[in-house]
Novice: 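Below is a structure I'd like to ask you about.
Numbered from 1 within each chain, the chains take letters A, B, ... in sequence-line order.
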Protein chains: 2
Amino acid sequence: MNENNIENIKSQMRKGVLEYCILSVLDKNDAYASELINKLKEARIIVVEGTLYPLLTRQKNQGLLTYRWEESTQGPPRKYYSLTDKGRTVLQEMDKAWTEIVETLDILRK
Amino acid sequence: MNENNIENIKSQMRKGVLEYCILSVLDKNDAYASELINKLKEARIIVVEGTLYPLLTRQKNQGLLTYRWEESTQGPPRKYYSLTDKGRTVLQEMDKAWTEIVETLDILRK
DNA sequence: TTTTGATACCTTGTATCGCAAGGTACTAAA
DNA sequence: TTTAGTACCTTGCGATACAAGGTATCAAAA
């Protein structure tokens, strides 16, 4: 077990909340994939393209997200994702679930 | 998307913290597998045998846990797991990582 | 005009991990 | 000696994150 293990541990923990993070960010502003990656990177949540694109597609297929194309002055067009009503409802459920887990861990650690 | 989905969301979120939960529980008292399952169930963290046994073996192989056999008056012998020094060190790292993620989510959700 | 670099999209193959289901073994009571 | 309870463990499957590689658009440099 080496130093990478700390990153590995964090990576494991992040896995369960990635979808929650995506919906949370999109709840505040619509965004396109590369933008999302950067925003999450700033928040120290590392996501790579190969993770994010399938995830966005999954969430879109579940009816949580929609998207629209927008031209860019600096490259190819961008696919802006935004929450649907269903997405907002699920986000609220996730809020509850997250709060519950944080409380549970608090108790377990005491 | 039905009511099961809420459980599914919680299940996803729990995934990342299962190892952390195990080490946390064992940090307080040695325990055998069936006992661990019950303790976690009380804390609303559902784990099944097919998940727990391989996980304990992984953690043992990583040097985080050791075990000893103890006779039982009520059935087959029990395999009591306990934290090693390395396990305690990793648990501290997990504490930090968890705190960090909770803070990050707090910020993301604001 | 062609090439290069930047941006942005997406797919494929691999590894990990949780879960459902099934299997073994010990003990005590019926 | 069979059944019930407890405890251990394995196998096969599905979901998902990641690494790596691929396609397409645009603008600026060669």
Novice: Heavy atoms, side chains only, cut-off 4.5 Å: are Trp98(B) and Val102(A) in contact?
Specialist: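 They are in contact (side-chain heavy atoms under 4.5 Å apart), so the answer is yes.
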Novice: Partners of Arg109(A) by salt bridge (charged side-chain N to carboxylate O under 4.0 Å, His left out), sequence neighbours excluded?
Specialist: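 With neighbours one apart ignored, the set is Asp27(B), Asp95(B).
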Novice: Enumerate donor-acceptor pairs with a distance under 3.5 Å from any side-chain N or O in residues 41-60 of chain B to protein atoms, sequence neighbours excluded.
Specialist:
{"from": "Arg44(B)", "atom 1": "NH2", "to": "Thr104(A)", "atom 2": "OG1", "distance (Å)": "3.3"}
{"from": "Thr57(B)", "atom 1": "OG1", "to": "Tyr53(B)", "atom 2": "O", "distance (Å)": "3.0"}
{"from": "Gln59(B)", "atom 1": "NE2", "to": "Glu19(B)", "atom 2": "OE1", "distance (Å)": "3.3"}

Novice: Check the distance between dT11(C)'s P and Leu52(A)'s CG and give it to me in whole angstrom.
Specialist: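 It works out to 13 Å between those atoms.
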Novice: I want to verify a distance call: between dC10(C), dC18(D), dT10(D), whose nearest atom is closest to the Val48(A) side chain?
Specialist: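 Per side-chain heavy atoms of Val48(A), the pick is dC18(D).
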Novice: Under 4.0 Å, heavy atom to any atom of DNA chain D: which of residues 25-42 of chain A qualify?
Specialist: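 Result for residues 25-42 of chain A: none.
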Novice: With sequence neighbours excluded, tell me which residues meet salt bridge (charged side-chain N to carboxylate O under 4.0 Å, His left out) with Asp85(A).
Specialist: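 In terms of salt bridge (charged side-chain N to carboxylate O under 4.0 Å, His left out), with neighbours along the sequence ignored, Asp85(A) is linked to Arg88(A).
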Novice: Tell me whether Lys28(A) at atom NZ has more than 12 heavy atoms from other residues, nucleotides or ligands lying less than 6.0 Å away.
Specialist: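 Yes, enclosed.
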Novice: Measure CG/Asn61(A) against C1'/dT16(D) and give the value in whole Å, please.
Specialist: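 From Asn61(A) CG to dT16(D) C1': 15 Å.
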Novice: Check nucleotides 21-30 of chain C against the protein and report each pair of N or O atoms closer than 3.5 Å, with its distance, or say if there are none.
Specialist:
none

Novice: Which side-chain N or O atoms in residues 32-39 of chain A pair as donor and acceptor under 3.5 Å with protein atoms at least two apart or in another chain?
Specialist:
{"from": "Tyr32(A)", "atom 1": "OH", "to": "Arg78(A)", "atom 2": "NE", "distance (Å)": "3.4"}
{"from": "Tyr32(A)", "atom 1": "OH", "to": "Arg78(A)", "atom 2": "NH2", "distance (Å)": "3.4"}
{"from": "Glu35(A)", "atom 1": "OE1", "to": "Tyr32(A)", "atom 2": "N", "distance (Å)": "3.1"}
{"from": "Asn38(A)", "atom 1": "ND2", "to": "Ser34(A)", "atom 2": "O", "distance (Å)": "3.4"}

Novice: Can you tell me which nucleotide in dT10(D), dT16(D), dC18(D) comes closest to the side chain of Tyr53(B)?
Specialist: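 The answer is dT10(D).
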Novice: When you check the phosphate oxygens OP1 and OP2 of dC9(C), does a side-chain N or O of Arg78(A) lie under 4.0 Å from one of them?
Specialist: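 The answer is no; no side-chain N or O of Arg78(A) sits under 4.0 Å from OP1 or OP2.
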Novice: Which hydrophobic side chains are connected to Ile107(B), either touching it within the sub-4.5 Å cutoff or through other members that do?
Specialist: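 Ile107(B) shares its hydrophobic cluster with no other residue.
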Novice: Of the nucleotides dC17(C), dC9(D), dC19(C), which one has an atom closest to the side chain of Lys79(B)?
Specialist: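 Nucleotide nearest to Lys79(B)'s side chain: dC9(D).
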Novice: To the nearest 0.5 Å, what is the distance between CG (Leu26(A)) and OG1 (Thr84(A))?
Specialist: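 Reported to 0.5 Å precision, the distance equals 10.5 Å.
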Novice: Filter on side-chain hydrogen bond (donor to acceptor under 3.5 Å, both in side chains), then keep only pairs touching residues 64-76 of chain B, sequence neighbours left out; what's left?
Specialist: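 As it turns out, the side-chain hydrogen bond (donor to acceptor under 3.5 Å, both in side chains) pairs with a partner in residues 64-76 of chain B, which skip direct neighbours, are Asp30(B)-Arg68(B), Thr66(B)-Ser82(B), Arg68(B)-Glu70(B).
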Novice: Compare all side-chain heavy atoms of Met94(B) with those of Met13(A) and state whether any distance is below 4.5 angstrom.
Specialist: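 In short, these two side chains touch, coming nearer than 4.5 Å.
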Novice: In degrees, rounded to 10°, what is the bend between the two ends of the helix from dT1(C)-dA30(D) to dA30(C)-dT1(D), using five pairs at each?
Specialist: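 For the helix from dT1(C)-dA30(D) to dA30(C)-dT1(D), the axes at either end differ by 20°.
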Novice: Under 3.5 Å between N/O atoms: give me all the protein pairs with nucleotides 28-30 of chain D, atom names plus distance.
Specialist:
none

Novice: Could you check whether any side-chain heavy atom of Leu65(B) comes within less than 4.5 Å of a side-chain heavy atom of Leu83(B), counting everything from C-beta outward?
Specialist: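 With C-beta onward as the side chain, the pair touches.
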Novice: Using atom CD of Glu19(B) as one end and atom P of dT16(C) as the other, report the distance to the nearest whole Å.
Specialist: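 Result: 13 Å.
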